[in-house]
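Following: one structure in structure tokens, then a few remarks.
The chains referred to below are lettered A, B, ... by the order of the sequence lines, with proteins before strands, and numbering in each begins at 1.
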Protein chains: 2
Amino acid sequence: MQKRLSDRAADDILTMIIIEKRFLPGEKLPNEIELSEELEISRTTLREAVRILAANGVVEIRRGVGTFVREDFEMNEKKGISSLAAVKTDIRDLYEMRLIVEPEAAYYAAIRASDEEIEHIMQLGKQIEFEIADGKDRTEAEREFHRAIAKATHNEFMTKLLPVIYQAIDQGVELSRKKRKAILDTVQDHKVIMEFLRMRNGEGAKSAMKIHILHAMEELSMQ
Amino acid sequence: MQKRLSDRAADDILTMIIIEKRFLPGEKLPNEIELSEELEISRTTLREAVRILAANGVVEIRRGVGTFVREDFEMNEKKGISSLAAVKTDIRDLYEMRLIVEPEAAYYAAIRASDEEIEHIMQLGKQIEFEIADGKDRTEAEREFHRAIAKATHNEFMTKLLPVIYQAIDQGVELSRKKRKAILDTVQDHKVIMEFLRMRNGEGAKSAMKIHILHAMEELSMQ
DNA sequence: GTTAATATTGTTGTCTGATGTCTTGGTATC
DNA sequence: GATACCAAGACATCAGACAACAATATTAAC
């Protein structure tokens, strides 16, 4: 009992794809004017229909190029929902946030951390060195290192914010697992940061952290 | 690199629902004309955005009646930014976060904002002046002001993060509506910030914002 | 007074036509 | 060849108008 034309149209197009197999995955649909004329609806209504299909992962719209049946369509039948809800931010934005937040975190950590916390951070730093030396994946250990610094700020919000940023980064990045040459930078950067933390030098820790993040951004060829 | 307005709008509305909790499940959204004006998009574009949300099961459209947040829409998104909203953090921590993030936001806004965005910020600034002159509650207007600046950074994460901080602050504070001397500070601070924004002076905007937040913290007798 | 028919109001649904903007490919120029 | 520019094709957005529907208020009939 669909009354809306846009819903009916979405259904019609889906039928063309699944049942009639008129458009196979990867193929291009007719342009909006042709399709709307064929379905005898206005372009406005057709566009709403296509939005529905796009939201359900059926088609992919490429501005200036056309609308295509998604290559991976048919596999993800149950998916559909709430890809929107997930934070779908640009990696660049996320690193920019790190660049804003983490140097300040290092600053407050240098000032407020307890001796035990500093000691803990040192141990994590050494652990990363070992793992790099063993050729292991350093991602998790490095994350622990940064998390420990965030915690040492004694700012609850900060402590909870950084993991969110890291996870968002994880979701969007799987490239960049290649460029490992920056590993030397990492170890050196960490040493400098730790040194400033131990000396309780807030400004120094801030600057060192800034450089560290900038190095990471370079590694991803940003900035 | 620019995203579609309809996608952005869908995201904005989702933010209103999940993060700002402005519309709870079962509640009605503003009608299409009002919402499109608020988001500063055409009705056509808004309707495409709503189609996306409907396809994702976020809202339900009832012709002739209105558009409603779906009763069974569960905003359990334990990974995303919204999880931070639940955190019950110390007010001091939250203002410290503002002090870290907002000056940088002002910096990037000064550099990246479009002329229209700058103009919009100016208007919001004036509106606050009027509301203060009329003795009205300036909270909401002021939030809009800061939100507009955050948006002008063109950093999506930033745009989503600040509302969370504001909301967390709201939950913990209802005092401090007395000290009126800070009102003059507010107007003056805003003027300075706006001036730097207009001149596209990033460093200036950053400093001015820092001072503004520090004033706000003084008002709450922190630091 | 009760009830049924009818307006009114508010909202979503659809259409038309124009203009903006992005992508791509071709062509001219060097 | 490489580069810069131009034009066509396609999606993106807008503004305004009218239609269809739902809920409520008003009126008419009894």
Side-chain angles (χ1 to χ4, degrees), chain A residues 1-13 16-17 22-23 26-71 84 88 90, chain B residues 1-13 16-17 22-23 26-71 73 112 114-117 119-120 151 154 156:
Chain A
M1 193 61 74
Q2 290 178 340
K3 307 176 199 174
R4 277 187 289 251
L5 277 182
S6 50
D7 284 337
R8 269 202 66 84
D11 216 57
D12 289 346
I13 298 171
M16 291 178 190
I17 295 172
R22 189 168 141 196
F23 314 115
E27 285 187 355
K28 179 176 168 302
L29 269 54
N31 71 42
E32 295 179 343
I33 294 180
E34 286 176 21
L35 238 189
S36 63
E37 281 173 356
E38 178 179 339
L39 296 173
E40 295 179 315
I41 55 178
S42 72
R43 238 193 96 208
T44 310
T45 304
L46 172 71
R47 281 178 58 79
E48 289 184 5
V50 172
R51 278 293 173 287
I52 294 171
L53 293 177
N56 278 59
V58 178
V59 301
E60 179 185 348
I61 307 168
R62 294 218 287 274
R63 179 175 190 175
V65 185
T67 302
F68 301 80
V69 180
R70 278 186 56 153
E71 205 73 67
L84 259 176
K88 206 182 53 186
D90 197 276
Chain B
M1 188 56 112
Q2 280 198 337
K3 274 184 20 181
R4 277 184 288 256
L5 276 183
S6 49
D7 285 337
R8 267 206 70 82
D11 218 55
D12 287 347
I13 297 170
M16 291 178 191
I17 295 172
R22 188 167 140 196
F23 315 116
E27 285 186 355
K28 180 178 168 300
L29 268 55
N31 71 42
E32 295 179 344
I33 293 180
E34 284 176 20
L35 239 189
S36 62
E37 280 173 356
E38 177 177 339
L39 297 173
E40 295 176 312
I41 57 179
S42 73
R43 216 187 125 211
T44 310
T45 304
L46 172 72
R47 282 179 57 78
E48 290 182 5
V50 172
R51 279 291 172 288
I52 294 170
L53 293 177
N56 279 17
V58 178
V59 301
E60 181 185 347
I61 308 167
R62 294 218 288 276
R63 180 175 188 174
V65 185
T67 302
F68 302 79
V69 179
R70 278 186 56 157
E71 204 73 66
F73 174 61
R112 296 185 186 153
S114 70
D115 290 342
E116 291 75 25
E117 285 170 329
E119 182 54 35
H120 186 215
K151 202 164 186 173
H154 297 185
E156 276 186 68

(request) Give the rounded distance in Å between these two atoms: CG of A:Leu39 and C1' of C:dC15. (result)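 Taking atom C1' of C:dC15 as the reference, CG of A:Leu39 is at 15 Å.
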(message) In this structure, how many angstroms lie between the C1' atom of C:dT23 and the CZ atom of A:Phe68, rounded?
(response)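 Nearest whole value for this atom pair: 11 Å.
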(request) Kindly write out the residues that satisfy side-chain hydrogen bond (donor to acceptor under 3.5 Å, both in side chains) with B:Ser6, not counting sequence neighbours, or none if the list is empty. (result)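 Once residues adjacent in sequence are excluded, the partners of B:Ser6 under the side-chain hydrogen bond (donor to acceptor under 3.5 Å, both in side chains) criterion are A:Arg51.
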(request) Identify, with sequence neighbours excluded, every residue that meets side-chain hydrogen bond (donor to acceptor under 3.5 Å, both in side chains) alongside B:Thr45. (result) B:Ser42
(request) Please round to the nearest 0.5 Å and tell me the distance separating atom CD1 of A:Ile13 and atom CG of A:Leu46. (result)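 Here the interatomic distance stands at 5.0 Å.
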(message) With rounding to the nearest 0.5 angstrom, report the CD to CG distance, B:Glu37 to B:Asn31.
(response) 8.5 Å
(message) Using a strict threshold of under 4.0 Å (side-chain N to carboxylate O), is an ion pair present between B:Glu38 and B:Arg22?
(response)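 Looking at B:Glu38 together with B:Arg22, the answer is yes, because their closest N to O distance falls below 4.0 Å.
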(message) Does the protein touch nucleotides 7-15 of chain D at the base, only the backbone, or not at all? Give it as B, S and - per nucleotide, heavy atoms under 4.0 Å.
(response) --BBSBBBB
